[in-house]
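Input: a single structure, listed below in structure tokens.
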Amino acid sequence: MTVRHFLSLMDCSQAELTSLLKRGIELKDLHRQGVVYEPLKNRVLGMIFEKASTRTRVSFEAGMIQLGGQAIFLSPRDTQLGRGEPVEDSARVLSRMCDAIMIRTFAHSTLETFATHSQVPVINGLSDDLHPCQLLADMQTFLEHRGSIKGKTVAWIGDGNNMCNTYIQAAMQFDFQLRVACPEGYEPDQAWLDRAGDRVTLLRDPREAVAGAHLVCTDVFASMGQEDEAQERLRVFTPYQVTRAMLDQADPEVLFMHCLPAHRGEEVSHDLLDDPRSVVWDQAENRLHAQKALVEFLLVE
């Protein structure tokens with residue numbers, strides 16, 4: 001039997017992704033109604049964290065519990081991976097003990113190697129290249145608030161990082177136009193730009209990117225592992241701070257998203273997260289429900 005992994009949005013068809021979003025909304029409604037739904041009884045999710053996280057850990061752990069299963073948190077101190085065991089060997093062992101593995105790591109190649117040697121589904125909880133679970137939550141949030149994102153315009157403001165790369169994939173999979181505004185030298189992965197073609201427009205002026213947009217997104221200027229670049233990045237990215245005035249240039253029905261944690265006063269103005277156009281708290285909550293839909297899709301036949 002072929003094992004399905006979720007390392008990238010490209011690992012699912014457009015129809016499967018749309019189904020995942022709708023299922024996430026259904027599972028969210030069931031949870032709010034207090035309905036007990038436990039299809040994953042006696043199933044275990046192993047969670048390997050090379051990078052720390054609040055939302056990723058809590059959403060996967062709470063989600064597994066709500067679906068009747070369990071999750072095991074493994075930090076670098078808790079596994080032999082942190083002591084030099086080959087990724088291939090860890091994959092062979094852990095996939096015999098767990099029903100699925102979620103990995104939050106640095107190099108995307110770690111995920112690919114692990115998945116190649118795993119007997120069970122491997123989920124990308126974040127890599128330096130991509131963050132597909134966050135995009136499921138983002139797309140579910142837009143669907144809840146505004147309906148289908150097909151044909152809409154999305155503006156990404158700031159660093160061409162893993163989130164930006166994944167928004168490029170989302171533009172292809174969910175059929176929207178993406179404008180990326182970033183400083184020179186901080187562009188997203190050229191391979192994904194090439195693959196997306198005219199679906200993605202690369203700009204330098206954030207106001208040009210935001211003009212008429214239906215969704216505006218950003219992220220921190222310095223991601224985890226880039227702390228030594230923080231001061232230089234702050235200098236370079238200051239013109240890319242998203243403010244209420246900038247959102248005023250967007251579509252009247254615009255939504256603002258940020259994958260969090262946010263540095264108020266840096267990539268966003270101090271008041272932006274509290275603006276009525278901001279849906280960051282719904283977006284954060286939807287990590288839970290979108291990932292429950294994903295794990296159910298991977299594990300329930």
Side-chain angles (χ1 to χ4, degrees), residues 1-9 11-12 16-17 19-21 23-24 26-28 30-31 35-82 85 87-106 108 110-127 130-137 140 166 259 284-301:
M1 181 182 296
T2 302
V3 177
R4 290 291 300 267
H5 301 298
F6 188 70
L7 309 186
S8 157
L9 290 180
D11 287 334
C12 291
E16 286 171 336
L17 289 171
S19 178
L20 281 174
L21 302 189
R23 184 57 177 161
E26 292 173 354
L27 292 173
K28 185 176 183 177
L30 289 175
H31 180 65
V35 175
V36 176
Y37 174 66
E38 297 182 329
L40 298 185
K41 275 189 175 297
N42 299 319
R43 309 298 284 275
V44 177
L45 174 70
M47 305 189 304
I48 299 173
F49 282 82
E50 292 188 336
K51 283 188 175 184
S53 172
T54 301
R55 277 150 289 274
T56 298
R57 177 177 179 178
V58 175
S59 57
F60 272 109
E61 198 160 332
M64 284 299 293
I65 293 170
Q66 290 173 15
L67 293 175
Q70 294 288 331
I72 301 174
F73 172 77
L74 299 167
S75 76
R77 296 185 300 273
D78 302 318
T79 71
Q80 296 299 326
L81 273 172
E85 181 176 34
V87 174
E88 297 89 337
D89 293 355
S90 291
R92 291 183 178 105
V93 172
L94 292 176
S95 66
R96 290 174 179 237
M97 298 178 177
C98 299
D99 298 284
I101 309 287
M102 187 283 299
I103 306 177
R104 184 176 169 93
T105 188
F106 292 90
H108 193 77
T110 299
L111 283 159
E112 294 173 332
T113 301
F114 200 104
T116 298
H117 296 87
S118 174
Q119 298 180 17
V120 299
V122 175
I123 299 169
N124 180 0
L126 175 141
S127 72
L130 297 169
H131 197 359
C133 288
Q134 181 64 58
L135 260 292
L136 289 180
Q140 179 180 325
T166 317
C259 60
E285 179 190 351
N286 281 340
R287 286 290 302 276
L288 168 66
H289 307 296
Q291 289 163 189
K292 284 164 63 177
L294 174 64
V295 175
E296 180 190 50
F297 168 74
L298 294 173
L299 291 184
V300 179
E301 296 180 2

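If you're wondering where the values come from, they're calculated on a predicted model, not measured in any experiment. Start at 1 with the first residue, then count along the sequence.
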Query raised in the report: Which residues satisfy the side-chain hydrogen bond (donor to acceptor under 3.5 Å, both in side chains) test with Ser19, sequence neighbours excluded?
Result: none
**Report entry** Separation of Ser59 OG from Glu285 CD (nearest 0.5 Å)
**Finding:** 11.5 Å
Query raised in the report: Can you find a heavy atom in the side chain of Met102 that is under 4.5 Å from one in the side chain of Gln291?
Result: no
Query - Residue list, side-chain hydrogen bond (donor to acceptor under 3.5 Å, both in side chains) with Asp89, at least two apart or on another chain - result: Arg92
Report task. With sequence neighbours left out, write down each residue that passes side-chain hydrogen bond (donor to acceptor under 3.5 Å, both in side chains) with Glu88, or none if nothing qualifies. Result -> none
Report task. Side-chain contact test, heavy atoms from C-beta onward, threshold under 4.5 Å: evaluate it for Cys133 versus Asn124 and give yes or no. Result -> no
Report task. Kindly give the heavy-atom pair with the smallest separation between Val295 and Met64, and that separation in Å. Result -> CG1-SD, 3.8 Å
Query raised in the report: Looking only at heavy atoms, what is the nearest atom pair of Ile123 and Leu298, with distance?
Result: CG1-CD1, 3.7 Å
Query raised in the report: Hey, are the side chains of Leu288 and Val58 touching, using non-hydrogen atoms and a 4.5 Å cut-off?
Result: no
Query raised in the report: Is the side chain of His5 donor-acceptor paired with the backbone N or O of Val122 at a distance under 3.5 Å, no angle test?
Result: yes
**Report entry** Spatial distance of atom CZ (Arg43) from atom CG (Leu45) [nearest 0.5 Å]
**Finding:** 11.0 Å
Query raised in the report: Would you say the side chains of Glu26 and Tyr37 form a donor-acceptor pair under 3.5 Å?
Result: no
Query raised in the report: How about Gln70: does its CD atom have over 12 heavy atoms from other parts shown lying under 6.0 Å from it?
Result: no
Query raised in the report: Taking only residues two or more places apart in sequence, or in another chain, which ones meet His108 in a side-chain hydrogen bond (donor to acceptor under 3.5 Å, both in side chains)?
Result: Ser127
Query raised in the report: Which value, rounded to the nearest 0.5 Å, describes the distance between Ser95 atom OG and His117 atom NE2?
Result: 10.5 Å
**Report entry** Minimum side-chain heavy-atom gap Arg287-Gln134 below 4.5 Å
**Finding:** yes
Report task. Please tell me if the side chains of Val44 and Met97 come closer than 4.5 Å, counting only heavy atoms from C-beta onward. Result -> no
Report summary line: Residues Ile101 and Cys98: closest non-hydrogen pair is CD1-CB, 3.7 Å
**Report entry** Pairs touching residues 54-66 that satisfy salt bridge (charged side-chain N to carboxylate O under 4.0 Å, His left out), sequence neighbours left out
**Finding:** Arg57-Glu61
Query - Smallest separation among heavy atoms of Leu299 and Asp99, with atom names - result: CD2-O, 3.2 Å
Query raised in the report: At their closest point, which heavy atom of Lys292 faces which heavy atom of Gly63, and how far apart are they?
Result: CG-CA, 3.6 Å
Query raised in the report: Only one of Thr105, Ile103, Leu74, Leu126 forms a side chain to side chain contact (heavy atoms under 4.5 Å, CB included) with Glu50, so which one is it?
Result: Thr105
Query raised in the report: Are side-chain heavy atoms of Leu94 and Ile48 found at a separation under 4.5 Å?
Result: yes
Requested in this report: Quick one: closest heavy-atom pair of Ala293 and Gly24, and the distance?
Outcome: CB-N, 3.7 Å
Query raised in the report: Is there side-chain contact between Arg23 and Leu20, with heavy atoms separated by less than 4.5 Å?
Result: no
Query raised in the report: How many angstroms lie between CZ in Phe6 and CG in Asp11, if you round to the nearest 0.5 Å?
Result: 7.0 Å
Report summary line: CG (Leu130) and OG (Ser8) are apart, to the nearest 0.5 Å, by 5.5 Å
Report task. Apply ring pair (Phe, Tyr, Trp, His ring centres under 6.0 Å) to Phe73 and list each qualifying residue two or more places apart in sequence or on a separate chain. Result -> Phe49
Requested in this report: Please round to the nearest 0.5 Å and tell me the distance separating atom CD of Glu16 and atom CG of Leu294.
Outcome: 11.0 Å
Requested in this report: May I ask you to test the His31-Leu27 pair for a side-chain heavy-atom distance under 4.5 Å?
Outcome: no
